[in-house]
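Working notes, beginning with the structure itself.
One is the number of the first residue; the rest follow in order along the sequence. Since the model is a prediction, treat every value here as computed from it, not as a measurement.
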Amino acid sequence: MRSIALALTALVFVAQAQTPAPLPAPDDPIKTLVGRLDLEKYKATIKGLTQFGDRRQGTERNRKAIDWIEAQLKSYGCTNTQRIKYTFTPRAPGAGRGTVDPATGEPAAAAPTASAQPADVTAGRGQAPGTAAGRGPQGGRGRGSAGQGGSRIRGVRARTGVNNDSAAQPDPRLRELNAEQTPAGPGPREEVYCTRIGATHPEEMYIVGGHMDGIGWGEAANDDASGTALVMELARVMSGADVRTDRSIRFVLWNNEESGTNGSRAYVEQRKDLQGKEDPTGSGKFPEPRWLGLIQHDMMMFDHGMPREDGTVSREQRPEADVNIEFQVNSKFAAQSQALAWILQAANEKYATDYPAAVGSHMTNTDSGPFMDLVAAISLRENERGAQIGAGWDPQWHQPTDLYATYSDKDFRLGLNAAQTTLAAVAQLTGATLKK
């Protein structure tokens, strides 16, 4: 019996020896690419943008910021930068929602209030000038009232508005930096982009965008340096020498968003009829590849929850913070946009490290709007634009408190997770691989 047992043991050993070892899991290029995103690099790019103050459109600081962005893109290896040039014409009084300055087309200054005081940034991430009570014309409870984009506002609603009062900015350096205001009347404007050319389908592309202009006498660190830096970080990673994509990716930094998405509208007007046309014929070059989708990024970092009854907002990022992915249910490409949104949500589920993503149907008031009836178009944000940001969930919005120093690493990390989400989805959609 002992010899039989030994023989059986030997047979088992031989069988095990002859069984091939399991093959190592194939390398996941998307995971590798996402891993190349870095919190400190993201923060450094935001910080770099804030050296130009609020980057208000039509000013010298705005033009210097565009030059700086272009130089950064080239340093990443995205060297084929180009500019869209257009004439900005201010909106007529009464055009669009809200009150606008007829000279500049930007949101008009609200009447000063007795409660308006410079914010104490250190005492309350989330306390904007004049919002101590969270009431006033736009304060109180939403009670299911209508919000922008077809949304509904519920719960506590804090005051929102644009700060155009230089005295509300306590930092004399920023008051001086932001002193030049948008000149009245029509004038020339520019915005910059670069393109990762697809290896097998250069005639098709996804557009990844964020707006680089701001307003409010601060640094526009969240609105929208956070989205601009995200797009620039994606350009850096996807321009790596070992990266290959089947389809093209265009990285665009819009101008004139705050004055009514004029920059993205100019792009659509100038480029939509050029899609997919080879120029010169037979060259294999497509100056404007056919649009497959537009992914916009606007205000990426601040999800501290609903305002309290007294109008204040939590100083800390809420544990259940998420990346909001929105499409517009009433657009002509609603079905395609919704499908694109769910692709990004699935990418977040697989590759984002800290925060989940939620999909909503009320995209509004950002640079994806001019595209939404022409192609699948979505917007990524810190909160829902209509129901939450529009209800005062981000008290830094258009305020002098929108400063780099206002935000913590938890806030910056929410923006990084949005970058992980978009990078993973775009890498998948464009067939990204890594050269051996």
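Counting heavy atoms of neighbouring residues, nucleotides and ligands inside a 6.0 Å radius, atom CD of Glu320 exceeds 12 of them. Around CD of Gln51, the count of heavy atoms belonging to other residues, nucleotides or ligands within 6.0 Å exceeds 12.
Considering only heavy atoms from C-beta on, Asn256 comes within 4.5 Å of Phe88 through its side chain. Contact check for Thr245 versus Met238: side-chain heavy atoms found under the 4.5 Å cut-off.
In summary, Arg318 and Asp303 engage in a salt bridge, as defined by a charged side-chain N under 4.0 Å from a carboxylate O. Comment: Glu70 engages Arg83 in a salt bridge, judged by a side-chain N to carboxylate O separation of less than 4.0 angstrom. Contact check on Asp38 versus Lys43 returns no salt bridge, with no Lys/Arg side-chain nitrogen under 4.0 Å from an Asp/Glu carboxylate oxygen.
Cation-pi geometry between Lys47 and Tyr404 is met: under 6.0 angstrom from the ring centre, within 45 degrees of the axis.
Under 3.5 Å, the side chains of His211 and Thr228 contain no donor-acceptor pair of N or O atoms. Between the side chains of Thr364 and Arg385, not a single donor N or O lies within less than 3.5 Å of an accepting N or O. Asp394 and His304 share no side-chain donor-acceptor pair at under 3.5 Å.
Here the straight-line distance linking atom CD1 of Ile69 with atom CZ of Phe251 works out to 14.5 Å at 0.5 Å rounding. If you take NE2 on His297 and CG on Leu253, they are separated by 11.5 Å, rounding to the nearest 0.5 Å. Remark: Asp224 CG to Ile215 CD1 distance equals 13.5 Å, nearest 0.5 Å. Here the CZ atom belonging to Arg91 is positioned 7.0 Å from the OG atom belonging to Ser259, to the nearest 0.5 angstrom.
Trp254 has its ring centre less than 6.0 Å from the ring centre of Tyr267.
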